Every structure is written in structure tokens, then in C-alpha cells.
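Just so we're clear, the structure is a prediction, and the values are computed from it rather than from any experiment. Only this structure's heavy atoms are used, side chains among them; waters, hydrogens and symmetry mates stay out.
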Amino acid sequence: PVAGENDPVQVFHKLFSADDLPLEQRQTAIAESRSVLDAVLGEAKRVQRGLSKTDTDKLDEYFQGIRDIETRLKKDEAWLEVPKAKAPLGEPEPGLKGKAEIEIMQDLIVAALQTDSTRSLTYRMPGQSLLQSLDLKPSAHNVSHYSPGPRMEASKIRDKTHSQLLARLIDKLKATKEVDGSSLFDHTAVAFGSNISSIHYLTNCPTILTGGGANLKLGQHLVLPKDTPLCNVWLTMLQGLGINALRHGDSTGVVKELQT
């Protein structure tokens, strides 16, 4: 997976451009990272004795972070000699912002899935540059407060654009065919939503699920009981994808209405 990149050109090169460093140098870099990690782990274990429960819990979080890094190093090592896929699209133009940036990022998302360069990814759409590309004056923060007047009108235009962009992504997934005649959409689970509903409210967050990859019952509008954790939705998706997860975050169970 590609982590923390907001430049389409950089995403393109991480996915599809060959690494110029010789294999030996890349192996050495991973070995050095693992050596540093081993030293850090040894030091952490040395101070583990005699700690209070609170400090022990904190150290456990630290150990988990170390284990996560070790997992990433193993994945990097496993991919060292695997050539990158041939890009099914050209290199993006530099400097794209707002709506144009989102569209090229969508193209890269489809290309990454199409070439099996990754099977899991997230994308956080830019807020302020999207508004600017739509010639809207309010800031992304102020639009979220959704008060009557220019803020609300800007929010409506932004939300409509978000819907159009989501439809564009779905259309591209449906148009990308697999060797068996099915579409990429049939094998992909898509979740689209926001971290807030409006102002600073974290309840009733808008969430759209689509794609055939998680065996969900789609084509319905569900209003779940009050205080249902959103993590129940994520747990349902995980299980629909064949992942044997019993919990996710603060989940209290699956959403049975979504299960086929």
C-alpha cells in the first residue's frame, strides 16, 4: 500500500516506477532498519521490569508499534524481487489541485486495484482545494458548520460534487473488466463517508457502501438504532470480505440488515 501521499505524481511512481537502487542496497537498508529495531526492542525490554501497570500498558503500546514496524519490514522484504506492474495509464500532470486532483487519484486507485498492486487502500479527498476549484469562497472548516447562507450553499455544491465524483469512481470500477468477464466493481468493496455529519457532531455520519466484494445487501437506505457504533459497519464489511474478525474498534456486533 501507498501511505500518506497526496501528490498524484508521487503515487504513480510508487505504484509503477521501477526502483533505481540495486537489490543489494535495498536489502542492506532493510537489514539496517531491522538492526535498529532489534536494539530499540532490547532497550525497551530492559526497562520493563518494575514498572507500574499504567507504565506497563504504555510500554505494551510501544511494543505493538515495534511489531507493526517489523511486519512492514517483512512485507518490504517479500516484495524486493517482485517487479512492479506495468502502468495502465500515463504519468499524471504535476500540480493538479481540487476536482482534477481527485479525478486523477481515482484513476490511480482503479489502476492500483486493476494491476493487483494493492488490495486495500484509503483516500482522503482534499477539502479546501476542492472548494477553490469550484470557485467557492467559504473555507472547508466553515462549510462544515452548515449555517444558512453562503456556507450552506457552498456545502450543497460541494456535496453534489462529492456525489458526482463517487459516481465517476463507481463507473470506472464497472467499466474495468476482469478476465472472466466480470467487472472490478464486482470484486471491490467501497465505503464512502465523512468523519462528521455537521458542525462537530459525530453522530449520524453519512456513509455509503457499494461494490460486490464484501457480499453486502446493497440498494437500501438503513437507519440503524440510536448509538449504533459505525464500527459495526466496518466489522460487517470485514466479515463479508472473508476476514475472520470478531471485533473492530468499539463494535458491538454486525449489522444483520447488510448481510446477504
Is there a side-chain contact between [X] and [Y] in this structure, where contact means two heavy atoms from C-beta onward sitting under 4.5 Å apart?
X: F16; Y: K86; value: no
X: N244; Y: Q239; value: no
X: V11; Y: P8; value: no
X: Q128; Y: S133; value: no
X: F12; Y: L89; value: yes
X: F185; Y: T210; value: yes

Quick check: does any side chain N or O of [X] sit under 3.5 Å from a backbone N or O of [Y], one acting as donor and the other as acceptor?
X: T252; Y: D250; value: no
X: S182; Y: E178; value: no
X: S251; Y: H248; value: yes
X: T236; Y: V255; value: yes
X: T260; Y: N215; value: yes

Notebook entry, point to check: Is atom NZ of K177 surrounded by more than 12 heavy atoms (other residues, nucleotides or ligands) closer than 6.0 Å?
Noted result: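 It does: K177 NZ has more than 12 such atoms within range.
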Note to self: Is it the case that atom CZ in R168 sees more than 12 heavy atoms from other parts of the structure closer than 6.0 Å?
What the structure shows: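 Yes, because the 6.0 Å sphere around CZ of R168 holds more than 12 heavy atoms from other groups.
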Check: Would E93 and V9 satisfy side chain to side chain contact (heavy atoms under 4.5 Å, CB included), going step by step from the backbone distance to the final call?
Finding: CA-CA 7 Å; E93 296 179 17; V9 176; over 6 Å; no
Cluster link [X] to [Y], ILVMFWY, side chain under 4.5 Å:
X: L241; Y: V254; result: no
X: M105; Y: F192; result: yes
X: I208; Y: L235; result: no
X: L216; Y: I243; result: no
X: L173; Y: L166; result: yes

Item checked: Lys/Arg N to Asp/Glu carboxylate O, K217 vs E257, below 4.0 Å ->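 Between E257 and K217 there is no salt bridge, as every charged N stays at least 4.0 Å from the carboxylate O atoms.
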Next item on the list: Output yes when D7 and K14 qualify as a salt bridge under the 4.0 Å nitrogen-oxygen rule, no when they do not.
Entry: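 No, this pair does not count.
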Which value, rounded to the nearest 0.5 Å, describes the distance between [X] atom [atom1] and [Y] atom [atom2]?
X: Y123; Y: I102; atom1: OH; atom2: CD1; value: 5.0 Å
X: K156; Y: T161; atom1: NZ; atom2: OG1; value: 14.0 Å
X: K174; Y: K172; atom1: NZ; atom2: NZ; value: 14.5 Å
X: H162; Y: S194; atom1: NE2; atom2: OG; value: 8.5 Å
X: I157; Y: M152; atom1: CD1; atom2: CE; value: 13.0 Å
X: L113; Y: T118; atom1: CG; atom2: OG1; value: 7.0 Å

Might you point out which heavy atoms bring [X] and [Y] nearest each other, and give the distance in Å?
X: S139; Y: L131; value: C-CD1, 3.7 Å
X: Q220; Y: L222; value: OE1-CD2, 3.3 Å
X: T115; Y: A112; value: OG1-O, 3.4 Å
X: I104; Y: E101; value: CG2-O, 3.1 Å
X: L218; Y: L209; value: CD2-O, 3.7 Å
X: L108; Y: P92; value: CD1-CG, 4.4 Å

Notebook entry, point to check: Can you say whether the rings of H200 and H141 are parallel (under 30°), tilted (30 to 60°) or perpendicular (over 60°)?
Noted result: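 Rings of H200 and H141: tilted, as their planes differ by 30° to 60°.
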Check: Do M125 and L130 pass the side chain to side chain contact (heavy atoms under 4.5 Å, CB included) test, and can you show the C-alpha distance, the side-chain angles, and the key distance before you say yes or no?
Finding: CA-CA 8 Å; M125 293 192 294; L130 174 60; 5.8 Å; no
